[in-house]
Amino acid sequence: MINTIQELLRTSLELKGYPQPDKVMVARTKQESFGNYSTTLAMELSKTLKRPPLEVAQEIVSALPTNPAITKVEIIAPGFINFFLSPQFLQKVVAEINQAGANYGRSTVGKGQRVQVEFVSANPTGPLTVGHGRQAVLGDTIARILSWCGYQVEREYYYNDAGRQTRVLGHSVYYRYRQLLGYSEEFPEDYYQGDYIKEIAKKIKDEYGARFANDADNPIFKQAAEEAIFADIRKTLARLDIVFDSYYNEKSLYDDGRVNAVLRRFAELGVSYERDGAIWFRAGQYGGTADRVLWKSVVDEATYRLPDIAYHTTKFERGYDLIIDIFGADHHATYPDVLAGLRALGYDVSRIKVLIHQFVTLTQGGEKVKMSTRRATYVTLDELIDEVGKDVVRYFFLMRGMKSHLNFDLQLAKTEGEENPVFYLQYAHARIASILRKAQHLQIALTAEPDLSLLNEPETLALLNALTEFSEVIAICLNTLEPQHLTVYLTKLATSFHKFYTEHRVISDNLPLSQARLALVKAVQIVMANGLHLLGVAAPEKM
RNA sequence: GCCCCGAUAGCUCAAGUGGAUAGAGCAUCUGCCUUCUAAGCAGAGGGUUACAGGUUCGAGUCCUGUUCGGGGUACCA
């Protein structure tokens, strides 16, 4: 409908000989009294035309072609042009929704293009925390939206298993293992303190006894830790209905020679150089902030940038049309270097979209707690799911914009859980289910062609209006890659439904009206269910 | 020091690219269940959108500065 109105306005501008702006802005109104859509076009043009906006608005409206969907066009000071949709147009949406069912709102704008969404990517050094939860839910929901809009989506989890972090992890297990064997050395403070390390150590001891007592660098420690921790991570993610298509590890980039290949190519291209025994990348010349070390001199190994660049070359080689990287704020300074590296190698970096989300600040009784996997000061995602359940966890994170620093207090989480707005949405869905059950019980059939013209009370028209907005919201979510618009919308839809529900009985003695209203609430249920599905939240039949 | 993100009701957060009277939930207070689910609805109170300037028809939104918070700024990831 927005497109239609834009076309009408463009036609009017042409008839009047007014200049055509690049974008004719048409937006939903905030208030019912302003109609369904409005444009600020007249106010924008008033400057270039050097005429008062109200006059411009008059002129535009006078040349506006008529359209059956629009009953009224109103001009309001200082120059808004408001459009009112006809009841007939609004009523039609009920039939469309019921016909499309679970597919209502899907689109094909993605044209089957392949998208990779990389997220979570937490190194397997400990359980996922509440902080990871935000990214996990955000990434998964973005993937769901892309897939819903016709993209072919793959979820990927990348992890580092070649650097110092995993070395420390292996040694942490080794020390616990030694302790279990009766050796009494101190456990180093900067090693992983969590109890899960002890459990892994115990398993090794149970299986192999003291065989590795003096073999700190035996790969078994690292491997056992990785395996055990990853098993837990997968389990936690599965509880949130998040399943990755692929896991990609850093080590393989060394094994298959990609890291060296990048290094060689950089040298050939002259974008790297040696200084002080280290190999540097001229990142500054390719959009980075400054030149960066790729290969260290103090230790014979790469910095994280090099494998990161190598990793991203595989994303291009794997042929994705769109590459989405979701990072926490701590990666903010590093990704420009990766992009610079890819640019230097000649890749089209515009295919990469980097989404940076802010952290979750953990508080406990008002005091800020610094989360650290190393020191085992964290609230695990599992604990949170235990406490409030999957739906609340997902919704809790999706309600917030990714740029907001959000505060999280576990003490508050439980009450937040009980009062969470997600139930408001689910309740609307369940209430409708209950009505439909009753209709079935009374053997009132859902007619294929109910008389939708009976749907014309103010609350009903407002509800219809909300229904027509769904596909617009999906489009916004796709363009911005910000799912929280959908949560805001679904709340609006639920409010609209609950108001309708308290004002009007669906099932009554009036059969045609009952059938029309049944079709309406069924449509609301479908949109609610589809929306909740996109958020990965359950749509219950009963509560 | 420099860079990025933020600061909105008592609390947690919203507010497509600058638009109309800044909105929800929680908390507080007042009404509404013989009816398809009261996990609901109606209403009240609560705001100098951190502060000071600027841009313009119009600023929570854009620009400059200040204060406070988070994250970076490494041959850590």
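Each chain gets a letter, A, B and so on, in the order the sequences are listed, and its residues count up from 1.
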Carboxylate-amine/guanidinium proximity below 4.0 Å for A:Glu457 and A:Arg517
yes

Distance, rounded to the nearest Å, where A:Met399 contributes CE and B:C26 contributes P:
11 Å

Side-chain H-bond candidate by donor/acceptor type, A:Thr129 with A:His132, under 3.5 Å
yes

Could you tell me whether the side chain of A:Asn420 and the main chain of A:Phe396 form a donor-acceptor pair under 3.5 Å?
no

Expressed in whole Å, how much space separates the P atoms belonging to B:G16 and B:A20?
10 Å

Please determine, for the side chain of A:Ile435, which listed nucleotide (B:C13, B:C75, B:C36) has the closest atom?
B:C36

Using the purine O4'-C1'-N9-C4 or pyrimidine O4'-C1'-N1-C2 torsion, is B:C33 syn (within 90° of 0) or anti?
syn

Remember a base hit wins even if backbone is also touched, and classify A:Asn123 as base, sugar-phosphate or nothing at under 4.0 Å, heavy atoms.
sugar-phosphate

From the candidates B:G72, B:C5, B:A74, the one with an atom nearest any side-chain atom of A:Ala333 is B:G72

For A:Ala329 and A:Ile507, take the nucleotide of RNA chain B holding the closest heavy atom to each; which residue's nucleotide lies nearer the 5' end?
A:Ile507

Given atom OH of A:Tyr192 and atom C1' of B:A77, what is their separation to the nearest angstrom?
9 Å

A:His498 NE2 to B:A38 C1', straight-line distance once rounded to whole Å:
11 Å

Is there a side-chain contact between A:Asp308 and A:Tyr158, using heavy atoms and a 4.5 Å cut-off?
yes

May I ask you to say what A:Asp276 touches in the nucleic acid, namely base, sugar-phosphate or nothing, with a heavy-atom cut-off under 4.0 Å?
base

Closest listed nucleotide, where the reference is the side chain of A:Lys499 and the choices are B:C5, B:C41, B:A77
B:C41

Using the side chain to side chain donor-acceptor pair (under 3.5 Å) rule, take A:Gln426 and A:Asp391 through it: C-alpha gap first, then chi angles, then the decisive distance, then the call.
CA-CA 10 Å; A:Gln426 294 181 318; A:Asp391 291 340; 2.9 Å; yes

Is the phosphate of B:U12, meaning OP1 or OP2, less than 4.0 Å from a side-chain N or O of A:Asn407?
yes

The nucleotide from B:C75, B:G25, B:C36 with an atom nearest the side chain of A:Ala278 is B:C75

Tell me what A:Tyr501 touches on the nucleic acid: a base, only sugar-phosphate, or nothing, going by heavy atoms under 4.0 Å.
base

For Watson-Crick and G-U wobble pairs within 3.5 Å on both distances, what is RNA chain B written in dot-bracket notation, | included for inter-strand pairing?
(((((((..((((.....[...)))).(((((.......))))).....(((((..]....))))))))))))....

Within the structure shown, what part of the strands sits under 4.0 Å from A:Leu406 by heavy-atom distance: base, sugar-phosphate, or nothing?
sugar-phosphate

Using a heavy-atom cut-off of 4.0 Å across all strands, would you classify A:His332 as base, sugar-phosphate, or nothing?
sugar-phosphate

At less than 4.0 Å, is any side-chain N or O atom of A:Arg275 found next to OP1 or OP2 of B:C75? Yes or no.
no

Look at all strands and tell whether A:Gln440 reaches a base, only sugar-phosphate, or nothing, counting heavy atoms closer than 4.0 Å.
nothing

Where the side chain of A:Val506 is defined as all heavy atoms beyond and including C-beta, which of B:C36, B:A39, B:A74 is the nearest nucleotide?
B:C36

In whole angstrom, give the distance that lies between atom CD of A:Glu503 and atom C1' of B:G40.
12 Å

Using the P atom as the reference point in each nucleotide, state the distance between B:U48 and B:A22 in Å, no decimals.
13 Å

Do A:Tyr335 and A:His331 make the cut of ring centroids closer than 6.0 angstrom?
no

Indicate whether any N or O donor in one side chain lies under 3.5 Å from an N or O acceptor in the other, for A:Thr495 and A:Tyr424.
yes

Sub-3.5 Å donor-acceptor pair from the side chain of A:Arg292 to the main-chain atoms of A:Phe281, do we have one?
no

For B:C57, does the base pair up with any side-chain atom of A:Ser46 as donor and acceptor (N or O, under 3.5 Å, distance only)?
no

I want to verify a distance call: between B:C36, B:A14, B:C57, whose nearest atom is closest to the A:Lys47 side chain?
B:C57

Answer with yes or no whether the side chains of A:His312 and A:Asp325 bring together a donor and an acceptor at under 3.5 Å.
yes

Pairs under 3.5 angstrom, nitrogen or oxygen only, protein versus nucleotides 15-24 of chain B, please.
unit_1	atom_1	unit_2	atom_2	d
B:A15	OP1	A:Gln484	NE2	2.7
B:A20	OP2	A:Lys30	NZ	2.7
B:A20	N6	A:Ser38	OG	2.9
B:A20	N6	A:Asn82	OD1	3.0
B:A20	N1	A:Asn82	OD1	3.2
B:A20	N1	A:Asn82	ND2	3.1

Donor-acceptor side-chain pairing of A:Gln165 and A:Tyr304 below 3.5 angstrom
no

Would you mind reading off the distance between A:Asp337 atom CG and B:A74 atom P, rounded to a whole angstrom?
10 Å

Please state the C1' separation for the pair B:C26 and B:C62 - nearest whole angstrom.
33 Å

P atoms of B:A42 and B:A24, separation to the nearest Å:
10 Å

If we take the C1' atom in both B:U28 and B:U67, what is their distance in whole Å?
32 Å

On a whole-Å scale, what distance lies between the C1' atoms belonging to B:A77 and B:A15?
36 Å

Interatomic distance where CE belongs to A:Met543 and C1' belongs to B:A38 [whole Å]:
13 Å

Any donor-acceptor pair under 3.5 Å joining the side chain of A:His405 to the base of B:C5?
yes

If the C1' atom of B:C3 is compared with that of B:U8, how far apart are they to the nearest Å?
25 Å

Residues A:Arg167 and A:Glu301 bridged, charged N to O under 4.0 Å:
yes

For B:G16, glycosidic torsion class - syn if within 90° of 0, otherwise anti:
syn

May I ask you to verify if any side-chain N or O of A:Tyr304 is less than 4.0 angstrom from the OP1 or OP2 atom of B:A77?
no

Check every atom of B:G25, B:G40, B:C13 against the side chain of A:Ser404 and return the nucleotide holding the closest atom.
B:C13

A:Gly328 near the nucleic acid: base, sugar-phosphate alone, or nothing, with a heavy-atom cut-off under 4.0 Å?
nothing

Any side-chain donor near an acceptor of the partner, A:Asn160 and A:Glu250, under 3.5 Å:
yes

Of A:Lys403 and A:Ala430, whose closest RNA chain B nucleotide lies nearer the 5' terminus?
A:Lys403

Looking only at heavy atoms, which two atoms of A:Pro307 and A:Ala302 are closest? And how far apart?
CD-CB, 4.1 Å

When all nucleic acid strands are considered with a 4.0 Å heavy-atom cut-off, which category describes A:His429: base, sugar-phosphate, or nothing?
nothing

Selected nucleotide, minimal atom distance to A:Pro421 side chain, candidates B:C75, B:G25, B:G71
B:G25

Need one value for A:Arg505: base, sugar-phosphate or nothing, where a base atom within 4.0 Å counts as base even if backbone is also close, heavy atoms only.
base

A:Leu442 atom CG is separated from B:C36 atom P, nearest whole Å, by 10 Å

Euclidean distance for P, B:A50 against B:G60 (whole angstrom):
10 Å

Would you say CG of A:Asp190 has more than 12 non-hydrogen atoms from neighbouring residues, nucleotides or ligands within 6.0 angstrom?
yes

Closest to side chain of A:Thr334, choosing from B:C13, B:A77, B:G40
B:A77

